[in-house]
Amino acid sequence: MQGNYRQTYARWQSDPEAFWREAAAEITWFKQPERTFSPEDGPYGRWFPGGETNTCFNCLDRHVRAGRGDDTAFIYDSPVSGAKAAFSYGEVLAEVSAIAATLRQRGIAKGDRVIIYMPMVPQAVFSMLACARIGAVHSVVFGGFAANELAARIDDSGAKLIVTASCGLEPGRVVPYKPLVDQAISIAKSKPAHCLVLQRRQLAAELIDGRDEDFETAVARNRGVTVECTPVRAMDELYILYTSGTTGQPKGVVRDNGGHMVALAWSMANIFGVKQGEVFWAASDIGWVVGHSYIVYAPLLVGAASVIFEGKPVGTPDAGVFWRIASEHDVRVLFTAPTAFRAIRREDSDGIHIKAYAMPNFRALFLAGERADPETLKWAERMLDVPVIDHWWQTETGWPMVANPLGLEVLPVKHGSPSVAMPGYSIHVLDDAGHSVASGTLGNIVVKLPLPPGCLPTLWNADERFRSAYLAEFPGYYKTADAGYVDEDGYLFIMSRTDDIINCAGHRLSTGAMEEVCATHPDVAECAVVGIVDPLKGQVPCGFLVLKKNVSRETSAIESEVVTLIRDAIGPVAAFKTAIIVERLPKTRSGKILRGTIQKIADGVPWKMPATIDDPTILEEIAEALRKRGFGSLPM
């Protein structure tokens, strides 16, 4: 007998349009869609043409009209500032209306772009919803991003207004935002006419007459003003979220209104298993896609409460902050990145902090954003005694492609796999020539077109770039640029980005497989493996190891043991002979390890400081560690 997942997936396969038409009934439409899918529109088709709706209405107004205005919508918890607050649906609606009125007074109308360059504060989330309310297109840029990167996004989007703050807060330091905004606007060819600045008590920013205004003063004048939701087409843009492009020009991932809501609402109920009134916490940032989908929009669409967290998994003040928040706010489901759990595991390998907090209603941990190594998963399972669910998706898709669907049924877990394809996604593994490969064989992971609702329909003002980047290499498929394999049970294993496959003496080797083995060493907290140039074999792997806090053994012995582990598990074909212990690994602000930059440093080729790097000083530490082993490195 088929389980609920198999039945649901088969139902989608047999009639995709009927499946999504039924899911769309969970959304309030001002005008019903004329069709479910239009294959003639856009690079691969568009969802729900003819439909009119509004995302802010579905997130706020309909709940308030249903008598749920006093229910909690957001919980703000900022260990870096000491601030805490809770906001009901009614309170959020009132504040969003005031911000929407403020934007309208400054000439922002349907289709105009607004850049939001903010820390993790409630006003940032409210500003996103205010844009959605009046049909404006928001583009959130991670707070503290470099001025030249912000300028590129101003120019590409043609933003008319920027919402920012005087500063962001990091453990032990204040990060001024306003000078970066001023510099970005001076660089940009397109000049936003207005800049609303939230003045934080930790640092006051200087305002430029004629352009800058105090956010709180401007919004306060409009409190009590009612702004009705602007009807938008299902296919109209809700937001642009930029990702780094290989050409230096950022790629503007576009999200529409209709399909986005349908997919997110479906995912909250069926993948995350979250119900109306429950507290869901995505411990991420609104600068990333996780923040857009699962801090702001998805929880509100189903009437849940969402946590806005301004802090870090460790150091604010300790490795127990996640459990303090989960206990204090009755979090039912937590979603974060594997790197956060590796940091917690490194600081608190025995789970002392976890045991200090009662979490009787906590029922699941979801991990995504990068590969979740099996050792970290197993540790989390032991410590939390709840399902720990790895799942896989991308900025481009906006919601999970592959997961263990908690809301449908809990499937057997295979460590190292995010489990199985979700309805909407037909996952295939192809060789470089575009042919299907046998189960268990490493290849290019692709998705059969059309992509489901919620995925990017194209790039901002760049249909041809979208086609060349995602559709051209494997006709009829969306290229994920991830490499992996599907096993005999249909479970997908993501092993690395296709760029991270090492070609060693003609053998295609997965860095992810080697990292899995490195992580099994009891002293290793986290690791990264990259391929470096070798005159004989083409490339050979090199491992970088970060040890747990309480380890005091001789480092050379640990390095030797890891080399032996790889040889025993993968074989001499891996040619893994170099393991280097480092204090920390360079990462983006979202927690992704910068393997490509490490590789360039090791190969001694020119490299550029990544715009998304969290701490640039770590790259010099890596370069010094490599120099000591005789590997070349060039300065930036």
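Everything numeric here is computed off the predicted structure, so don't read it as measured data.
Looking at I295 and M120, their side chains come closer than 4.5 Å, going by heavy atoms from C-beta outward. In this structure, the side chains of W460 and K251 stay at 4.5 Å or more apart for every pair of heavy atoms. Side-chain contact between L103 and L196: present, with at least one pair of heavy atoms (C-beta onward) separated by less than 4.5 Å. Side chains of I75 and V279 form a contact here, defined as non-hydrogen atoms less than 4.5 Å apart. With contacts defined as side-chain heavy-atom distances shorter than 4.5 Å, the pair V289/Y239 qualifies. Annotation: side chain of L129 is in contact with side chain of L300 (closest heavy-atom distance under 4.5 Å). At a threshold of 4.5 Å between non-hydrogen side-chain atoms, the residues V232 and E52 do not count as touching. Residues L238 and V137 form no side-chain contact, since every pair of their non-hydrogen atoms from C-beta on lies 4.5 Å or further apart.
In summary, the aromatic rings of F309 and Y76 are positioned with their centroids too far apart to meet the 6.0 Å limit. Taking the centre of each ring, F272 and F366 come in below the 6.0 Å mark. Between F37 and F48, a ring centre-to-centre spacing not shorter than 6.0 Å is recorded. For H292 and H260, the distance between ring centers is not under 6.0 angstrom. In summary, the aromatic rings of Y478 and Y470 are positioned with their centroids under 6.0 Å apart. Aromatic ring centres of W288 and F335 lie farther apart than the 6.0 Å criterion allows.
The shortest heavy-atom contact between P610 and L594 is CG-CD1, 4.0 Å. The minimum heavy-atom distance between A263 and P453, with the atom names listed, is CB-O, 3.2 Å. Residues V80 and P171 approach most closely at CG1-N, 4.4 Å, considering heavy atoms. Taking each heavy atom of A86 and E91 in turn, the nearest pair found is O-OE1, 3.8 Å.
Summarising the geometry, atom CD belonging to E228 is positioned 10.5 Å from atom SG belonging to C56; distances are rounded to the nearest 0.5 Å. Once rounded to the nearest 0.5 Å, the distance linking CG of D156 with OG of S190 reads 10.0 Å. Taken from OG1 in T480 to CH2 in W392, the straight-line distance is 4.0 Å, to the nearest 0.5 Å. Summarising the geometry, atom CG belonging to D614 is positioned 6.5 Å from atom CD belonging to E170; distances are rounded to the nearest 0.5 Å. Atoms OG1 and CG, from T55 and N257 in turn, are 3.5 Å apart once rounded to the nearest 0.5 Å. Note: I593 CD1 to T588 OG1 = 9.5 Å, rounded to the nearest 0.5 Å.
Checked by atom type, the side-chain pair R104/T230 shows a donor-acceptor distance below 3.5 Å. When only modelled atom types and interatomic distance are considered, D71 and H63 share no side-chain donor-acceptor pair under 3.5 Å. Side-chain polar atoms of D41 and S38 form a donor-acceptor pair below 3.5 angstrom. Donor-acceptor pairing under 3.5 Å is lacking for the side chains of S88 and D70. Under the 3.5 Å distance criterion, with hydrogens and angles disregarded, no donor-acceptor pair is assigned to the side chains of Y242 and R153.
Counting only distance, with no hydrogens or angles, the side chain of S166 and the backbone of L203 share a donor-acceptor pair below 3.5 Å. Checked by atom type and distance alone, the side chain of E370 pairs as donor or acceptor with a backbone atom of T339 at under 3.5 Å. No donor-acceptor pair closer than 3.5 Å links the side chain of D61 to the backbone N or O of R65. Without hydrogens or angle criteria, T397 side chain to W393 main chain gives no donor-acceptor distance under 3.5 Å. Between the side chain of R223 and the main chain of V219, no donor-acceptor pair closer than 3.5 Å is present. Between the side chain of R133 and the main chain of I99, no donor-acceptor pair closer than 3.5 Å is present. Using modelled atom types, no side-chain atom of S306 and backbone atom of P299 make a donor-acceptor pair closer than 3.5 Å. Panel note: side chain K110, backbone P231; a donor-acceptor pair is recorded below 3.5 Å. Side chain of H194 to main chain of K160: no donor-acceptor pair is present (N/O by atom type, distance under 3.5 Å, no hydrogens or angles). Between the W399 side chain and the W266 main chain, no donor and acceptor come within less than 3.5 Å of each other.
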Step-by-step side chain to side chain contact (heavy atoms under 4.5 Å, CB included) determination, M128 to I286: CA-CA 9 Å; M128 294 169 71; I286 58 164; 4.0 Å; yes
Test log, rule side chain to side chain donor-acceptor pair (under 3.5 Å), inputs N58 and T53: CA-CA 8 Å; N58 276 277; T53 183; 3.1 Å; yes
Pair R584-T617, side chain to side chain donor-acceptor pair (under 3.5 Å): steps then yes or no: CA-CA 10 Å; R584 48 199 183 148; T617 61; 3.1 Å; yes
Side chain to side chain contact (heavy atoms under 4.5 Å, CB included) evaluation trace for W607 with M609: CA-CA 7 Å; W607 56 279; M609 184 66 70; 4.2 Å; yes
Full working for salt bridge (charged side-chain N to carboxylate O under 4.0 Å, His left out) between R35 and E40: CA-CA 12 Å; R35 301 165 65 186; E40 304 87 23; 3.1 Å; yes
Side chain to side chain donor-acceptor pair (under 3.5 Å) evaluation trace for Y117 with K178: CA-CA 10 Å; Y117 184 76; K178 185 58 168 37; over 6 Å; no
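Y89 carries R68 over the face of its six-membered ring, with the cationic atom under 6.0 Å from the centre and within 45° of the normal.
A salt bridge links D182 to R211: at least one charged side-chain nitrogen sits closer than 4.0 Å to a carboxylate oxygen. A salt bridge between R113 and E237 is absent, with no side-chain N of the basic residue lying under 4.0 Å from a carboxylate O of the acidic one.
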